[in-house]
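Structure, as structure tokens:
This chain uses plain numbering: 1 for the first residue, then up along the sequence.
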Amino acid sequence: MANHTQEPGGVHFPFPFPPYSIQKEFMAELYRVLKAGKIGIFESPTGTGKSLSLICGALTWLRDFEEEQRQEEARLLHGAAAASSPSSPSQEPPGTPRPAGEPDWVTQFVQKKEERELVERLQEEQGRRRRREERLQRVRHDAWLKYAAAKRLRQEEEVASLLRLSQEMLAGSGTEAGPELEAGEEELVLAEYESDEDKPVATSVEEEEDDLEEEHVTKIYYCSRTHSQLSQFVREVQKSPFGQGTRLVSLGSRQNLCVNAEVSGLRSVELINDRCLEMQRSKRENHRAEPDQPKRRRPEGRAARAGCPFYGHEQLRLLQDEILVGVRDVEQLVALGREARACPYYGSRLAIPQAQLVVLPYSMLLHEATRRAAGVRLQGQVVIIDEAHNLMDAIAGMHGAEVRGSQLCQAHAQLLQYMDRYGKRLKAKNLMYIKQILYLLEKFVTVLGGNIRQNPSTQCLSTTGTALLSINDFLCRSQADNINLFKVQRYLEKSMISRKLFGFTERYGAVLPASKQESKLSGFQRFLQHLHEEASATQAPTAPAEEAEAPRLASPLVHIEGFLAALTTANQDGRVILSQQGSLSQSSLRFLLLNPAVHFAQVARECRALVIAGGTMQPVSDFREQLLACAGVETERVVEFSCGHVIPPDHILPLVICHGPSGQPLDFTFQKRALPQMMEETGRALCSLCSAVPGGVVCFFPSYDYQRQVHAHWERSGLLARLAVRKKIFQEPRGAGQVEQVLAAYAKCIAGCGRAGGTVTGALLLSVVGGKMSEGINFSDDLGRCVVMVGMPYPNIKSPELQEKMAYLERTLPRAPGQAAPGKALVENLCMKAVNQSIGRAIRHQRDFASIVLLDQRYARPPVLAKLPAWIRARLEVKATFGPAFAAVRKFHREKLGAA
């Protein structure tokens with residue numbers, strides 16, 4: 001049974017259990033932000049019920065907003081009905097200004113016309129809402145409806161299969177002459193490109209969606225970073241008081257939602273997307289074909305491509321309604337799609353307009369092209385971005401692009417071969433743009449120091465190194481500044497040439513049959529064949545083991561499209577990194593986005609209200625200055641909220657330790673951390689802490705290399721053996737595939753030590769800041785009774801990317817009096833954001849307890865302390881020497897064990 005909590009403003013928040021006081025405060029502040037249309041930065045530590053607070057606070061606001069809308073509609077309709085009565089006086093309030101010299105009858109006519117139009121719109125909206133509710137009510141109660149379309153579809157497929165078989169048998173007995181183009185080859189030829197200003201031609205999918213599209217109701221878009229986080233959020237909605245009556249839609253990629261085995265079996269996202277769109281085109285063409293039109297015979301070995309059996313108007317409408325009547329995550333949506341034999345990818349998109357809550361990944365919300373393709377409209381809607389501590393990095397990542405020398409050569413060769421095959425059939429504008437693309441590819445290879453017509457794997461570059469160029473400098477150096485990249489980008493998007501090229505290479509492979517080509521192409525064909533054979537071999541040494549099986553794209557032009565799009569960014573907002581690494585195939589061009597705000601501005605501008613939430617949002621200054629201010633958001637529109645933790649104050653012991661057990665100052669700067677005495681002092685401190693802390697101890701190092709270096713030194717000096725007396729030692733693996741195995745062994749060891757007794761009291765896990773264990777892993781209870789941070793994990797200051805980002809901030813952000821320079825602040829903020837993520841792994845629920853030890857005297861500086869989370873900072877103690885710190889840790893854990 002839901003609990004209701006009432007705030008001073010009179011708002012009732014339904015909740016599945018009595019909420020914590022901090023949850024009440026969170027929901028009340030969230031409600032105020034949404035109602036006032038502001039942008040809120042919300043911090044709520046993990047374990048404080050942030051997801052439920054977001055759900056209940058936001059959906060309570062939406063419930064109240066919809067009720068206010070209905071009341072306003074009723075008032076306006078009642079007023080219009082009263083005004084239309086013959087005995088009613090004029091409703092125009094006294095003193096209404098009129099244009100000079102305008103007669104009263106004109107004013108009254110205009111006013112009544114506007115009132116009638118408003119009333120008609122409201123009545124239409126009421127009618128749509130009533131019909132929608134009736135339709136969804138039928139779906140809720142008439143379970144047989146969901147099977148009707150699926151059964152009818154199976155019957156239609158059987159009939160179509162028999163007809164197709166009969167036609168193939170008849171066609172097989174004929175002696176039809178082969179056409180100039182082989183069967184199915186017409187779809188590979190580019191359509192005439194008439195004008196750069198034309199609107200994109202709608203696909204069959206888009207045409208049908210236009211017919212089904214409804215007006216968007218006010219809704220909440222909730223996005224998070226990973227698929228598992230979104231599924232967990234949907235499960236929280238299901239358990240909440242809003243789990244029954246909320247129209248929720250879960251969005252995902254085709255890779256996650258496709259139920260067609262022929263398509264979903266492809267391992268590459270790009271291949272899945274291309275195959276899906278190809279099947280929609282085939283369905284449209286089959287639908288439009290005349291029944292008595294003779295069909296050309298396909299070459300032997302090539303089966304006809306049918307349209308997707310899961311895509312149909314009636315099926316999608318039924319699935320759309322099914323989605324809206326129940327709260328489902330992506331896995332449940334896929335199961336529903338299989339049952340109804342309807343596509344969950346398109347069905348969920350069609351359900352967006354009438355949804356109240358849309359759950360989607362970062363990429364669908366923060367990337368404009370993806371957002372537009374998914375049918376997501378932010379105008380006047382509420383946006384909640386959760387797990388937002390790395391929001392700026394995510395935006396920069398999804399708008400960055402990289403192309404290798406081998407991809408440039410391969411795309412050039414494929415496009416040249418395509419033009420040779422179909423050049424005489426292409427119109428002038430198509431040929432002009434293809435030649436411009438070929439020119440750009442050739443110049444990009446030249447700027448890397450290679451030759452476009454030679455094998456990239458065997459081309460050794462005369463110079464190696466990394467150069468960082470502005471966009472304009474790169475275009476000048478590559479002699480591409482005379483090409484209008486905006487027009488080329490628009491052509492690539494509208495003509496879908498990368499998909500045509502994909503189909504072309506899929507059909508013919510690396511080379512065309514020799515009989516079809518002129519003899520002068522024989523050498524070029526051998527070169528193409530060699531390119532395809534060498535492409536995967538050049539990637540093998542650098543690819544991680546778990547990614548070795550990843551399929552290679554048939555057309556690298558997809559990646560090059562992204563790079564060309566990135567080059568249209570304003571010169572001051574991005575840089576091009578030119579990396580020359582021995583051979584041309586290993587060299588690359590990479591675009592670095594310096595200003596994430598340029599892509600975030602549209603989101604902030606269009607939505608009604610925006611919430612940026614996370615468990616650890618400190619330092620908040622990054623969001624205010626680098627993201628919101630640069631996106632043009634007014635300071636008065638931004639609201640900050642940070643709540644404490646649900647644990648009692650005495651359940652956490654955060655300490656800064658400035659000196660080690662032998663009195664050595666703990667200074668882990670890059671120049672000193674590799675000294676033998678520093679590594680020994682670290683080992684002695686850990687030995688003492690492990691003797692006082694039961695269960696698990698998680699120790700974070702600044703990097704993998706330093707962790708390995710310290711571990712090797714401890715092994716040589718005997719410190720590792722001393723540590724092993726108290727704790728069994730585990731190390732974080734580099735490969736993601738081994739993480740679960742190491743964590744399972746770590747947890748099993750701690751559980752076993754707790755039952756068996758003896759000298760070994762648990763386990764020590766040596767981890768890395770920013771590694772697999774520093775985010776998303778819960779070291780709750782005995783898995784993390786103490787978290788130790790060795791040094792401060794500052795990023796590599798010599799990195800060209802970081803230096804350019806610092807220089808950019810120095811140029812664009814004002815320096816506040818008494819504050820560090822923007823570039824220096826960036827480096828410190830990156831460090832402290834990583835620290836906060838790591839030390840937040842230990843406290844996961846209300847009854848949990850842990851000590852947090854920061855081993856470095858630099859943590860005692862006030863500017864650094866100010867960037868710790870408030871719930872940690874409030875209890876933090878700075879210990880100048882190790883003795884009192886060790887005593888405090890031992891006392892803390894003895895008291896907690898005694899209380900337990």
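Scanning for salt bridge (charged side-chain N to carboxylate O under 4.0 Å, His left out) contacts around Glu625 gives an empty result, with sequence neighbours left out. The salt bridge (charged side-chain N to carboxylate O under 4.0 Å, His left out) test applied to Arg590 returns Glu801, not counting sequence neighbours. With sequence neighbours excluded, the residues that form a side chain to side chain donor-acceptor pair (under 3.5 Å) with Ser228 are Thr226. The side chain to side chain donor-acceptor pair (under 3.5 Å) test applied to Asp856 returns Arg858, not counting sequence neighbours. Applying the salt bridge (charged side-chain N to carboxylate O under 4.0 Å, His left out) rule to Arg861 yields the partners Glu828; only residues at least two apart in sequence or on another chain are considered. With sequence neighbours left out, the salt bridge (charged side-chain N to carboxylate O under 4.0 Å, His left out) criterion links Glu561 to no other residue. With sequence neighbours left out, Arg477 forms a side chain to side chain donor-acceptor pair (under 3.5 Å) with no residue at all. Applying the side chain to side chain donor-acceptor pair (under 3.5 Å) criterion to Lys824, with sequence neighbours excluded, gives no partner residue. Judged as a ring pair (Phe, Tyr, Trp, His ring centres under 6.0 Å), and not counting sequence neighbours, the contacts of Tyr418 are Tyr422, Phe504. Partners of Phe42 under the ring pair (Phe, Tyr, Trp, His ring centres under 6.0 Å) rule, at least two apart in sequence or in another chain, are Phe26, Phe641.
With contacts defined as side-chain heavy-atom distances shorter than 4.5 Å, the pair Thr463/Leu461 does not qualify. Residues Leu440 and Ile560 fail the side-chain proximity criterion, which asks for heavy atoms closer than 4.5 Å. A heavy-atom distance below 4.5 Å is not found between the side chains of His389 and Asn836. The shortest distance between side-chain heavy atoms of His399 and Val598 does not fall below 4.5 Å. Looking at heavy atoms from C-beta onward, Leu230 lies out of side-chain contact with Leu251 at the 4.5 angstrom threshold. Using a 4.5 Å heavy-atom threshold, the side chains of Pro702 and Met792 count as separate. Under the 4.5 Å side-chain criterion, counting only non-hydrogen atoms from C-beta, Val835 is not in contact with Phe700. Side-chain contact between Leu589 and Val447: present, with at least one pair of heavy atoms (C-beta onward) separated by less than 4.5 Å.
Aromatic ring pairs are classed by plane angle as parallel below 30°, tilted from 30° to 60° and perpendicular above 60°; the pair Tyr706 and Phe668 is perpendicular.
In this structure, Glu43 contributes its side chain and Met617 its backbone to a donor-acceptor pair below 3.5 Å. Under a 3.5 Å cut-off, the side chain of Glu640 and the backbone N or O of Gly40 do not form any donor-acceptor pair. For Gln707 (side chain) and Leu766 (main-chain N/O), a donor-acceptor pair under 3.5 Å exists by modelled atom type. In terms of modelled atom types and a separation under 3.5 Å, the side chain of Gln459 and the main chain of Asn451 share a donor-acceptor contact. With Arg371 contributing its side chain and Leu365 its backbone, the two residues share a donor-acceptor pair below 3.5 Å. No donor-acceptor distance shorter than 3.5 angstrom exists from the side chain of Asn390 to the backbone of Asp393, with no hydrogens or angles considered. Asn571 places a side-chain N or O within donor-acceptor distance of the main-chain N or O of Asn472, the cut-off being under 3.5 Å.
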Quick one, Leu277 with Met496, criterion side-chain contact (heavy atoms from CB on, under 4.5 Å). Give me CA distance, side-chain angles, the key distance, then yes/no. CA-CA 11 Å; Leu277 291 169; Met496 296 187 291; 5.9 Å; no
Show, in sequence, the C-alpha distance, side-chain angles and deciding distance for Ile434 and Tyr491, and conclude whether the side-chain contact (heavy atoms from CB on, under 4.5 Å) test is met. CA-CA 9 Å; Ile434 289 175; Tyr491 172 77; 4.1 Å; yes
Decide side-chain contact (heavy atoms from CB on, under 4.5 Å) for Tyr433 and Ile497; before the verdict, give the C-alpha distance in whole Å, the side-chain angles of both, and the deciding distance to 0.1 Å. CA-CA 10 Å; Tyr433 279 112; Ile497 187 172; over 6 Å; no
Given side-chain contact (heavy atoms from CB on, under 4.5 Å), test His412 with Val445 step by step and report yes or no. CA-CA 10 Å; His412 187 276; Val445 168; over 6 Å; no
Walk me through whether Gln581 and Ser579 qualify under side chain to side chain donor-acceptor pair (under 3.5 Å). CA-CA 6 Å; Gln581 303 295 329; Ser579 177; 2.8 Å; yes
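Arg254 and Cys276 make their closest contact through NE-SG, 3.1 Å (heavy atoms, listed as atom of the first residue, atom of the second, distance). Of all the heavy atoms in Phe623 and Ile41, the pair that sits closest is CB-CD1, 3.9 Å. Here the closest non-hydrogen pair linking Leu809 and Pro822 is O-CB, 3.7 Å. Of all non-hydrogen atoms in Leu557 and Ser498, the two that sit nearest each other are CD2-CA, 4.0 Å. Between Pro869 and Gln618, the shortest heavy-atom distance links the atoms CA-CG, 4.1 Å. In plain terms, the two heavy atoms of Val376 and Leu360 that are nearest each other are CG2-CD1, 4.1 Å.
Note: Glu387 CD to Thr616 OG1 = 9.0 Å, rounded to the nearest 0.5 Å. Atom NE2 of His599 sits about 14.5 Å away from atom CE of Met392, to the nearest 0.5 Å. To the nearest 0.5 Å, atoms CD (Gln417) and CG (Leu501) are separated by 9.0 Å. Atom CG of Leu391 and atom CZ of Arg225 lie 10.5 Å apart (nearest 0.5 Å). Annotation: the span from Gln381 atom CD to Glu606 atom CD amounts to 10.5 Å, rounded to 0.5 Å. Here the CD1-CG distance, from Ile395 to Leu593, works out to 8.5 Å after rounding to the nearest 0.5 Å.
For residues 567-588, every residue pair satisfying the salt bridge (charged side-chain N to carboxylate O under 4.0 Å, His left out) rule, not counting sequence neighbours, is listed here: Arg575-Glu804. Screening residues 438-457 for ring-ring contact (aromatic ring centres under 6.0 Å, His included) gives Phe444-Phe474, Phe444-Phe563 as the qualifying pairs, with residues at least two apart or on separate chains.
Using a 4.0 Å cut-off between a side-chain N of Lys or Arg and a carboxylate O of Asp or Glu, Glu442 and Lys435 do not qualify as a salt bridge.
Side-chain N/O atoms of Tyr808 and Gln572 include no donor and acceptor closer than 3.5 Å.
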